[in-house]
Amino acid sequence: MVGLGVKPDKFTYPSVFKACGYELDLGFGKEVHKCIEGSYIEWDLFVQNALVTMYVKCGCIYLDLYDEALFIFREMLLTGIKPNYVTIASILPFCGRRMNVLHGKEIHCYIMKKIELKDHLLLWNSLLDLYSKSGKMLEAQRIFDSMSVKDKVTYTSLIAGYGMQGRGHWALKLFDEMNMSGIEADHITMVAVLSACSHSGLVDEGQMMFAKMINVYRINPRIEHFSCMVDLFGNAGLLRKAVQIITEMPYRPSHAMLATLVSASRIYGNTTIMDWATKMLEGNTQRDILLEMIKRRAQSVNLDMVEVKINKMMPELGFSPEDSDRLVALFSSGWQMRMSLGKILLQDPDLLLLDEPTNHLDLDTIEWLEAYLNKQDVPMVIISQDRAFLDQLCNKIVETDMGVSRTYAGNYSQYIASKAAWFESQYIAWEKQQRQIDQTRDIISRLSTGANAGRASTAEKAEALDLDKTVLETVEEVAEDWRLDDIKGLLGRCNFKADMLDRKVSLLSGGEKEAISEYEGTVITVSHDQYFIKQIVNRVVEVKDNNLQDYAGDYNYYLEKNLDAREKDLQREAELEEKAPKVKAKSKMSKAEKEAQKKQKRMAFQNAKQKSKGLKNVKRWN
């Protein structure tokens, strides 16, 4: 096509990338990609989706180009191009293979935000598979429980996850639930079930499931099923049964199957079977292919340096020389964690991210991990609920609460002390604020008494307020303990301008409110002044908890229909009456009573803070 001078367009390239992915021809795919780099075609939605899918099918599996595929995926998001559900489902499984749960969680969040993606079963199955393969069974179970529709892929992923964690009974229970739901098992499901029995040492259950697979589910066993049975018998020390499976099955034994038997024979001291399996291995062509692949991979690294690092690291991780030939499956989850940590540290990482590292570990392993990580000169970010673990390792704690992050220097114990000190300072500030509020209410109460009296008649107004005094002098009379600046601040909050403070009360206008009531047009008033509202409104609209309620009547009608508002109105009148100007008596409280009152106020502050936080959470999630 190109040779004939026909120029490809944005509709041509997706087909080419799809073909490269199907044929696993990454070399040609990359050459075509270079042709459109930097052009507008590269940012086309269909081209981007085809590119990601091609790199996932070719690169991520065979050439370890996961980072390149993920980079393209992120560029799609940054440039505003929306990936479809097929593209996202292609990326997710390889997050699990690379144990990159953090990237998987990012994609999970993206799916949750996009309504159009929430109904695709393929996506939720991919997420479930990611968490299961990464050992995050709590997250996997939550997704499983939240799914309204499930298929055999859903159940198989969760069964395989529990199997890898050595929780075979959970896996078998799930398999029974799957059968009760009317979902038929296939050969992949049976591999997951048999593997779960093998990892959990359930020999009888494994043999029973293998028989049911053939006789009940009518599934012809493949080499993967025979391999699981060899692994099951080998781990249990039933070596003759493992040999019987290998010799009677209609397949040539794989390298992994024979290696399992060699390792099991060495552990249980059966040299006869070990020699037999070793000779079988020497004539295995698959072994030669595997060795050739390893040889090619080794050419790109300095093997001598790698060997020195491994030899130095093995004792540090707690392994003995005899452990080097043992299969990974024969080690507990704690020892497998050490292997994973060793693989990461061999790559000289710039940053070590540990997400709940102490989950499923025994106390001895946790203590070893604490000591080992303390010796490492690598910056670490630890996400953990294990307080003792954080105490041993952390020198800085970052707490996120209601979307706000706060950093505390020191380990977890120091964080607790610093947070308590911060909380105490907040309480002192709140207590000071409450005193200011009480003082302000007291002033308003005294002034409102005069104002209420002034509303009765012109003669009573003269008795309530001295018209010859200035505004500032009038307020100073009832605020004897207040500083002048505080009084001016209060008047400022009541909308008194600076030039009005020295104005006589007699010069203040008192007819504005009455003037508004005579206005013939429509007035919309937002006010807390109940007297003012009572004078002018003939319709009340209340907004509460994001709901709007219309009361077609005046303020008295509103109080008649709204019981809560009427109760608050009566309460307010009672408070005003109670707070009328009185001679203050000197407190006769004892020291113990004052301490009790202080404690009561502190409790009130904590309750108010908790209530506020609860309301904010409700609003966030609703």
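Small disclaimer: the values here were computed from a predicted structure and weren't measured.
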Q: Would you confirm whether the ring centroid of Tyr268 sits within less than 6.0 angstrom of the ring centroid of Phe233?
A: no
Q: Supply the atom-to-atom distance Ser126 OG to Ile143 CD1, rounded to the nearest 0.5 angstrom.
A: 10.5 Å
Q: Are side-chain heavy atoms of Asn395 and Asn411 found at a separation under 4.5 Å?
A: no
Q: What's the separation between atom CG in Asn235 and atom CD1 in Ile267, rounded to the nearest 0.5 Å?
A: 8.0 Å
Q: What pairs meet the side chain to side chain donor-acceptor pair (under 3.5 Å) rule with one or both residues in residues 139-153, with sequence neighbours excluded?
A: Asn125-Asp151, Gln141-Asp145, Gln141-Tyr162, Asp151-Thr154
Q: How far apart are the C-alpha atoms of Trp276 and Leu261, what are their side-chain angles, what is the distance that settles it, and do they pass the side-chain contact (heavy atoms from CB on, under 4.5 Å) test?
A: CA-CA 10 Å; Trp276 175 80; Leu261 187 57; 3.7 Å; yes
Q: Taking all non-hydrogen atoms of both residues into account, name the closest pair between Gly318 and Arg338 and its distance.
A: CA-NH1, 3.8 Å
Q: Main chain of Ile219, side chain of His187: is a donor-acceptor contact present, judged purely on distance under 3.5 Å?
A: no
Q: In Å and rounded to the nearest 0.5 Å, what is the OG1 to CG distance from Thr260 to Asp231?
A: 5.0 Å
Q: With a 4.5 Å limit on heavy-atom distance, are the side chains of Val398 and Tyr408 in contact?
A: no
Q: Are any of the side-chain nitrogens in Asp129 or Lys133 under 4.0 Å away from the carboxylate oxygens of its partner?
A: yes
Q: Could you tell me whether the side chain of Met137 reaches within less than 4.5 Å of the side chain of Leu158, counting heavy atoms only?
A: yes
Q: Do the non-hydrogen side-chain atoms of Ile188 and Glu224 ever get within less than 4.5 Å of each other?
A: no
Q: As a quick check of understanding, evaluate side-chain contact (heavy atoms from CB on, under 4.5 Å) for Tyr372 and Glu367, giving each step before the final call.
A: CA-CA 9 Å; Tyr372 187 72; Glu367 288 177 354; over 6 Å; no
Q: Does His225 reach the main-chain N or O of Arg222 with its side chain, forming a donor-acceptor pair under 3.5 Å?
A: yes
Q: Regarding Thr278 and Asp275, do their side chains bring together a donor and an acceptor under 3.5 Å, going by distance alone?
A: no
Q: So do the side chains of Val193 and Leu172 get within less than 4.5 Å of each other, counting heavy atoms only?
A: yes
Q: If I compare all heavy atoms of Ser200 with all of Gly168, which pair ends up nearest, and what's the gap?
A: OG-N, 2.8 Å
Q: I would like to know whether Val381 and Leu351 meet side-chain contact (heavy atoms from CB on, under 4.5 Å); could you show each step before the answer?
A: CA-CA 8 Å; Val381 176; Leu351 178 71; 4.0 Å; yes
Q: When you look at Glu399 and Tyr415, which way does the side-chain hydrogen bond (donor to acceptor under 3.5 Å, both in side chains) test go after all the steps?
A: CA-CA 9 Å; Glu399 177 193 62; Tyr415 150 72; 2.7 Å; yes
Q: Whether the Ser157 and Ser132 side chains hold a donor-acceptor pair (N or O, under 3.5 Å, no angle test) is what I'd like checked.
A: no
Q: For the residue pair Pro221 and Tyr251, what are the closest heavy atoms and their distance?
A: O-OH, 3.5 Å
Q: Verify side-chain hydrogen bond (donor to acceptor under 3.5 Å, both in side chains) between Asp391 and Ser413, making sure each step is shown before the conclusion.
A: CA-CA 6 Å; Asp391 239 3; Ser413 296; 2.6 Å; yes
Q: Check the surroundings of atom CD in Glu184: do more than 12 heavy atoms from other residues, nucleotides or ligands lie under 6.0 Å from it?
A: no
Q: Aromatic ring centroids of Trp335 and Phe319 under 6.0 Å?
A: yes
Q: Shortest non-hydrogen contact from Leu373 to Met380?
A: O-CE, 3.2 Å
Q: Are Ser198 and Cys228 packed together at the side-chain level, in the sense that at least one heavy-atom pair is separated by less than 4.5 angstrom?
A: no
Q: If the condition is side-chain contact (heavy atoms from CB on, under 4.5 Å), which residues does Asp386 pass it with, not counting sequence neighbours?
A: Thr358, Ile366, Ser384, Ala388, Phe389
Q: Ignoring hydrogens and angles, write down the donor-acceptor pairs under 3.5 Å from the side chains of residues 205-216, residues two or more places apart or on other chains.
A:
{"residue": "Gln207", "atom": "OE1", "partner": "Lys241", "partner atom": "NZ", "Å": "3.3"}
{"residue": "Asn215", "atom": "ND2", "partner": "Ala211", "partner atom": "O", "Å": "3.2"}

Q: Can a donor-acceptor pair be found between the side chains of Asn179 and Tyr217 at a distance below 3.5 Å?
A: yes
Q: So, for Met274 and Ser265, which heavy atoms are closest and what is the spacing to 0.1 Å?
A: CB-CB, 3.5 Å
Q: Between atom CG of Leu232 and atom CG of Leu194, what is the distance when rounded to the nearest 0.5 Å?
A: 8.0 Å
Q: Output, in order, the C-alpha distance, side-chain angles, deciding distance and verdict of side-chain contact (heavy atoms from CB on, under 4.5 Å) for Leu341 and Leu369.
A: CA-CA 10 Å; Leu341 183 59; Leu369 183 61; 3.7 Å; yes
Q: Is any side-chain heavy atom of Tyr155 closer than 4.5 Å to one of Phe144?
A: yes
Q: Please report the shortest heavy-atom distance between Ala140 and Leu128, naming the atom on each side.
A: O-CD1, 3.0 Å
Q: How long is the gap from CG on Leu258 to NZ on Lys279, to the nearest 0.5 Å?
A: 14.0 Å
Q: Rounded to the nearest 0.5 Å, what separates atom CE in Met249 from atom CZ in Phe226?
A: 7.0 Å
